[in-house]
Asker: 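To start, I am sharing the structure in question, which I have written as structure tokens.
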There are 2 protein chains.
Amino acid sequence: MYARTSNECAFVGGISIASRKEVAELAGVSEATVSRVLNNVGPLKEETKERVLAAALQLGYTPSSLAQSFARRRSGNLGVVMPYLPKTRWFSTYYFSEILSGIGSKAREEGYDLLMLFRNAEEPMDYSELFKMRKIDACIVLGAKEEPGELDSLRRLKEEGHPYCLINQHFEGEAFHEVDADHVEGSWQAVRHLLNQGFTRIAFLNGPASYSNSRDRLTGYLRALEESNLPLDDSLLFEGNFSRKSGVIAAKEMLPLLNAIDAIVAANDRMAIGLQQGLQELGIPRDHIPAIVGYDDSDAAELTTPALSSVRVPFYELGEIAVTKVLELLGCSPSETSSSSQVIHIKLPTELVIRASSKIMNPKEE
Amino acid sequence: MYARTSNECAFVGGISIASRKEVAELAGVSEATVSRVLNNVGPLKEETKERVLAAALQLGYTPSSLAQSFARRRSGNLGVVMPYLPKTRWFSTYYFSEILSGIGSKAREEGYDLLMLFRNAEEPMDYSELFKMRKIDACIVLGAKEEPGELDSLRRLKEEGHPYCLINQHFEGEAFHEVDADHVEGSWQAVRHLLNQGFTRIAFLNGPASYSNSRDRLTGYLRALEESNLPLDDSLLFEGNFSRKSGVIAAKEMLPLLNAIDAIVAANDRMAIGLQQGLQELGIPRDHIPAIVGYDDSDAAELTTPALSSVRVPFYELGEIAVTKVLELLGCSPSETSSSSQVIHIKLPTELVIRASSKIMNPKEE
DNA sequence: TCATTAGATGTACGCGCGTACATTTTCTCA
DNA sequence: TGAGAAAATGTACGCGCGTACATCTAATGA
């Protein structure tokens, strides 16, 4: 391979590719100058600049980002860690597509490429390994969950001072960088809305407690009840896994208690819809179905009949902000990034969107 | 920088990283041997292998994939081109999340990373540039559309013999590598089903004609009518943009003709649902709403009341196959890959899923 | 006019791997 | 036991950039 020392063009896909050397020769300058022109560094004569640019254009020269990354010791990639694929269905795909859109548009704006990383079923992903391999310069973790392997991996990430950020998951007592929505407020809003309408026996279909946002939602639920001096009734607490099906199942579980329930808050829209459908399938007449409020305000919320009231979460913005923050960390010196200093902890507000599913015939809403 | 020639460890995120040299020294071998052990090439003494592996483990050495990619002149990345983000909503996010899941799982299986590339609103993306920059080794194009810039870019991709593949879009007379579902058959199935039930005045809400699958669906629609010796009525043809809203709008357009329509086929579920809702909002009594069949069999199809009949498209499989094929192309020598030789043209079958929305009270289904 | 300096460009080398070729070691069979 | 082959390992270099340092040129000021 290194016999062809005088080689001046590589091949890719059967097409020759111009080298920096050729550009330099054509422009009558050194390779360094070509590099400088292309990166616009140092003082450069305008005329040289033009000559080099012209030569590059004429030869169709494009620097290899592979080589650039190597020389700069930066991949230019922003890692996005996704949950194990089959699990994705549990959340809405809406959830992820919104966040991803936010991440994608911001990353592009900042000149970073998006590297998708899917968690595996078996081994917990070793995030710091990704940095050691130089695959990514920063990373955003979605759908994290409180599991031993996950936690260890995140701790290492933090200790080693890599630029990272969690979205929508908080680890108690860990001080990870995180961007989140205020789910305590969100579920509080939902319950408050129902209370305002005169409902008092409000069931709560939550997600798995291993997600911090599930716990947050429970807190909001409890707080709202407490504020109205309503006692907590454990039998009104249910748990699903964010899937529609688990909503259907919850409907069955609620059946015996249905006369003691006049409203339900669900932890996401899919479960809320499953609930609607499950109750209908069980033969509950439409006007006996409790008021229902979902969560996420996904596009599915307006696909159902009656349309689903829901708590809007600014997913797109969460994605954007996460990118901004994580790139800020990247900008800092490693020492600043490290542990102690500034921990990112952002909480965006939620907003209740009221639709037909939570309205009563003679509303008492103030 | 190059003053520290004797340097033996780099730093990343404030943590030192072992170098290949250190591993070599600790194991008492040359760097080349370390490389050979890690890549398992050439004949190696078992004992050496173990010693090197142990040293690597002890020092926590991980090869830099940046340097590997550079030396191998392969990025190890599989590019996935996505439509301009705001447009994504038009299709269902379901559509993309399914395809992406298929791509993601297969790519991981094959040891490739996924690089997400979002098309821009302004400039049409230059695909071959991505290869020239060595950002990707192969690429899969989603949501392609018949536009001049797009077409040129794809042509270059083909001419230059890069491993690429389109999903769900066919360019007439171009012989691009493509993996698709059989949408002629799909819409034929939908119409056939309605005809079998005795419906004869079947409206068709199609997507934009700039997508080949829209044209395919029209063909299937026409073919089914023709087979039943039914004349084509232009006034029964409508066009939306795949969004729910455009379904609502179509409902309004259909209103004056509603007594001449007893069934509707829509080109995706979102429009079908918009149609259902639009007609309801216009005050059409439930039993006067035409039978409706959607397309994609997205998860939204079972969220509506009545549940939506729909044509199932194997999106996940499309993604998987696209990866397989594109990596096969990558394996070939460039010359074989190039133009003439073997063009990939895969068409997967669709399947009609019948639900309540297309049933009649006294069904005549055979 | 010449010394000084800023401006412009060239030279040289490292980034961390893979690998062709050279060299040394071990094995095989006469 | 020694020659030749095969196995094992070492040596050396290129991949295509960015960039520190050296060099050269033109502008500035006394």
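Reminder, nothing fancy here: chain letters follow the sequence lines and each chain counts from 1. Given the structure is predicted, the values throughout are model-derived calculations rather than measurements.
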Asker: Within the structure shown, what part of the strands sits under 4.0 Å from B:T33 by heavy-atom distance: base, sugar-phosphate, or nothing?
Answerer: sugar-phosphate
Asker: Enter the distance from B:S64:OG to B:R20:CZ here, rounded to the nearest 0.5 Å.
Answerer: 11.0 Å
Asker: With sugar-phosphate meaning primed atoms plus P, OP1 and OP2, does B:T48 contact a base, only sugar-phosphate, or nothing at under 4.0 Å between heavy atoms?
Answerer: sugar-phosphate
Asker: Is any side-chain N or O of A:R20 closer than 4.0 Å to OP1 or OP2 of D:dG16?
Answerer: no
Asker: Go through D:dT11, D:dG18, D:dG16 for me and flag the one nearest to the B:S30 side chain.
Answerer: D:dT11
Asker: Rounded to whole Å, how long is the line connecting atom CZ of A:R74 with atom P of C:dG16?
Answerer: 15 Å
Asker: Among C:dT9, D:dG16, C:dC17, which nucleotide sits nearest the side chain of B:R73?
Answerer: D:dG16
Asker: Check every atom of D:dT19, C:dG16, D:dT11 against the side chain of A:A32 and return the nucleotide holding the closest atom.
Answerer: D:dT19
Asker: Nearest whole Å is fine: how far is C:dT24 P from B:L44 CG?
Answerer: 20 Å
Asker: Is a donor from one side chain sitting under 3.5 angstrom from an acceptor on the other, for B:R156 and B:S128?
Answerer: yes
Asker: Does the side chain of A:Q68 get closer than 4.0 angstrom to OP1 or OP2 of D:dG18 through an N or O atom?
Answerer: yes
Asker: Nearest-Å distance, CZ (A:R36) to C1' (D:dC17)?
Answerer: 13 Å
Asker: Check the distance between C:dA8's P and A:K49's NZ and give it to me in whole angstrom.
Answerer: 9 Å
Asker: Using a 4.0 Å heavy-atom cut-off, does B:S64 contact any base of the nucleic acid, only the sugar-phosphate backbone, or nothing at all?
Answerer: sugar-phosphate
Asker: Step through the shown structure and confirm whether more than 12 heavy atoms of other residues, nucleotides or ligands are within 6.0 Å of CZ on A:F171.
Answerer: yes
Asker: Would you mind reading off the distance between B:R51 atom CZ and D:dA8 atom P, rounded to a whole angstrom?
Answerer: 13 Å
Asker: Pick the nucleotide of DNA chain D nearest each of B:A67 and B:K45; which residue has the one closer to the 5' end?
Answerer: B:K45
Asker: With nearest nucleotide decided by heavy atoms, which residue, A:E31 or B:V41, maps closer to the 5′ end of DNA chain C?
Answerer: A:E31
Asker: Walk me through it: do A:Y316 and A:S105 pass the test side chain to side chain donor-acceptor pair (under 3.5 Å)?
Answerer: CA-CA 10 Å; A:Y316 187 91; A:S105 69; 2.9 Å; yes
Asker: Could you state the CZ-P distance from B:F70 to C:dG16, rounded to the nearest angstrom?
Answerer: 12 Å
Asker: Given atom CD of B:E47 and atom P of C:dT26, what is their separation to the nearest angstrom?
Answerer: 12 Å
Asker: Confirm from the modelled atom types if A:R134 and C:dG16 form a donor-acceptor pair under 3.5 Å, side chain to base only.
Answerer: no
Asker: Starting at CG of B:L66 and ending at C1' of D:dG16, how long is that distance when rounded to a whole Å?
Answerer: 13 Å
Asker: Is any side-chain N of the basic residue among A:E150 and A:K145 closer than 4.0 Å to the acidic one's carboxylate O?
Answerer: no
